[in-house]
**Q** 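I'd like to ask you about the structure that follows.
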Amino acid sequence: VTSDPNLLVLASLADGDKHGYAMMTDIEAFANVRLGPGTLYGAITRLQERGFIRPVQSDDRRQPYRLTAAGKRFLEEQLTDMDAVVRTGLRRLREA
Amino acid sequence: MKRLIRLVARLYPAWWRGQYGAELDAVIDDMRPRLADLFDVLRGACAMHLTRRFALPVAGAALGGLTVAALMLTAADVYSSWATIRIPPPAHGDAQGALRVKFDEAVRGVVPPGRVQVMALFERGSQPTSVRVGVTDPDRVRAHERAERLVRALAASGVETLEPPTVPASPDRPFLVAGVAGGSVVGCVIGFALLWVQRRRSPVT
């Protein structure tokens with residue numbers, strides 16, 4: 001549905017905290033998109049700067065992240081828009 | 001391959017490595033890397049250097065300042081020759097007006113219009129006691145010659161010369177610093193505006 005790394009990271013964190021490698025494997029499993037480490041951490045940096053995700057306290061060097069309330073709202077808006085496009089496209093295909 | 005990618009990851013900016021460097025190294029350790037990941041990390045490092053929060057306004061300021069400086073430095077050179085003359089003390093009520101007429105008469109026929117600059121020097125009180133007169137011209141020798149002719153014409157009218165016209169050594173750049181500063185400010189404002197538009201259009205880029 002999307003290859004936008006920002007949305008993929010947000011969607012990955014929607015069901016709970018994850019660290020970088022866990023996000024990579026999760027995204028590959030649910031979206032069939034393999035994010036490279038540079039792309040993944042580019043998205044993490046941007047999302048954290050915008051306050052959509054935040055790091056969770058951890059003693060491990062594998063830093064887990066959590067979706068913030070603003071991140072949840074943003075993800076919901078984006079997925080709703082995307083859903084409208086998908087529904088419209090499918091309906092028009094059926095009608096054609 | 002992992003070692004090579006970790007080496008490339010050192011290219012990220014220091015501020016970024018301070019915050020995310022250990023995590024990225026952990027991900028590289030955990031994953032099974034491919035050649036594409038090497039280029040992905042390299043691209044990420046370059047992007048992080050270019051898309052730092054204030055990179056756009058700073059780049060705008062630098063570009064604006066440099067553009068103005070380049071425009072001012074490539075503009076045609078203008079030279080000024082300056083002399084100092086003494087204003088005679090007013091003998092009657094219309095003395096200043098009479099001086100003005102004398103000055104205009106001396107300038108006419110010697111210096112083309114718009115090429116004379118006058119700067120009054122105040123010693124005390126509100127009456128100027130001496131005046132700096134400058135003649136500008138694209139040619140430095142001609143600027144000096146015209147200033148000398150102007151001073152001679154003024155001397156014939158009874159105006160005392162305190163300092164003879166200078167020989168201009170370098171072209172005038174009177175607004176270079178102000179121009180570069182102004183250009184930088186405008187560039188910075190445009191950079192912030194672009195950043196704002198960018199954020200409005202795509203909140204996470």
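Being a predicted model, the structure only gives us computed values, none of them experimental. In what follows, every chain begins at residue 1, and chains take the letters A, B, ... in the order their sequences are listed.
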**Q** Should we say atom CZ of B:Phe39 is surrounded by more than 12 heavy atoms from elsewhere, each under 6.0 Å from it?
**A**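 Open: at most 12 neighbouring heavy atoms sit under 6.0 Å from CZ of B:Phe39.
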**Q** Quick check on the interface: out of A:Arg34, A:Met24, A:Met23, who has the most heavy-atom pairs with chain B under 4.5 Å?
**A**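 Heavy-atom pairs under 4.5 Å are most numerous for A:Arg34.
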**Q** Does anything in residues 36-44 of chain A get under 4.5 Å of chain B by heavy atoms, and if so which residues?
**A**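 Under the 4.5 Å heavy-atom cut-off, A:Gly36, A:Pro37, A:Gly38, A:Thr39, A:Tyr41, A:Gly42, A:Ile44 qualify.
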**Q** Near A:Arg91 CZ, under 6.0 Å, is it more than 12 heavy atoms from other residues, nucleotides or ligands?
**A**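 Atom CZ in A:Arg91 is crowded, with more than 12 foreign heavy atoms closer than 6.0 Å.
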**Q** I'd like to verify something: which residue of B:Ile5, B:Val41, B:Val8 has the highest number of heavy-atom pairs under 4.5 Å with chain A?
**A**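 The residue among B:Ile5, B:Val41, B:Val8 with the greatest pair count is B:Val41.
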**Q** Less than 4.5 Å to any heavy atom of chain B: does that hold for the side chain of A:Thr45, its backbone, both, or neither?
**A**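 Both parts, heavy atoms under 4.5 Å.
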**Q** Spell out the residues in residues 134-150 of chain B that have some non-hydrogen atom less than 4.5 Å away from a non-hydrogen atom of chain A, in order of number; otherwise answer 'none'.
**A**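 So no residue qualifies.
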**Q** What part of B:Tyr12 is in contact with chain A, defined as an atom under 4.5 angstrom from a non-hydrogen atom: side chain, backbone, both or neither?
**A**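 For B:Tyr12, side-chain heavy atoms alone lie under 4.5 Å from chain A.
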**Q** Show me the donor-acceptor pairs within less than 3.5 Å that the side chains of residues 7-19 of chain A make with the rest of the protein, sequence neighbours left out.
**A**
| from | atom 1 | to | atom 2 | distance (Å) |
| --- | --- | --- | --- | --- |
| A:Ser12 | OG | A:Asp26 | OD2 | 2.7 |
| A:Asp15 | OD1 | A:Lys18 | NZ | 2.5 |
| A:Asp17 | OD1 | A:Arg66 | NE | 3.0 |
| A:Asp17 | OD2 | A:Arg66 | NE | 3.0 |
| A:Asp17 | OD2 | A:Arg66 | NH2 | 2.6 |
| A:Lys18 | NZ | A:Ser12 | O | 2.4 |
| A:His19 | ND1 | A:Tyr21 | N | 3.4 |
| A:His19 | ND1 | A:Ala22 | N | 3.3 |

**Q** Only heavy atoms, only distances under 4.5 angstrom. Which residues in residues 56-64 of chain A are near chain B?
**A**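 Against chain B, the residues of residues 56-64 of chain A that fall inside the cut-off (heavy atoms, under 4.5 Å) are A:Arg61, A:Arg62, A:Gln63.
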**Q** Is chain A contacted by the side chain of B:Asp29, its backbone, both, or neither, given a heavy-atom distance below 4.5 Å?
**A**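 When you check distances to chain A, only side chain atoms of B:Asp29 fall under 4.5 Å.
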**Q** Evaluate whether atom CZ of B:Arg34 has more than 12 neighbouring non-hydrogen atoms of other residues, nucleotides or ligands under 6.0 angstrom away.
**A**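 It does not: B:Arg34 CZ has 12 such atoms or fewer within range.
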**Q** Could you state the interatomic distance from CD (A:Gln48) to CD (B:Gln19), rounded to the nearest 0.5 Å?
**A**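 That separation rounds to 5.0 Å.
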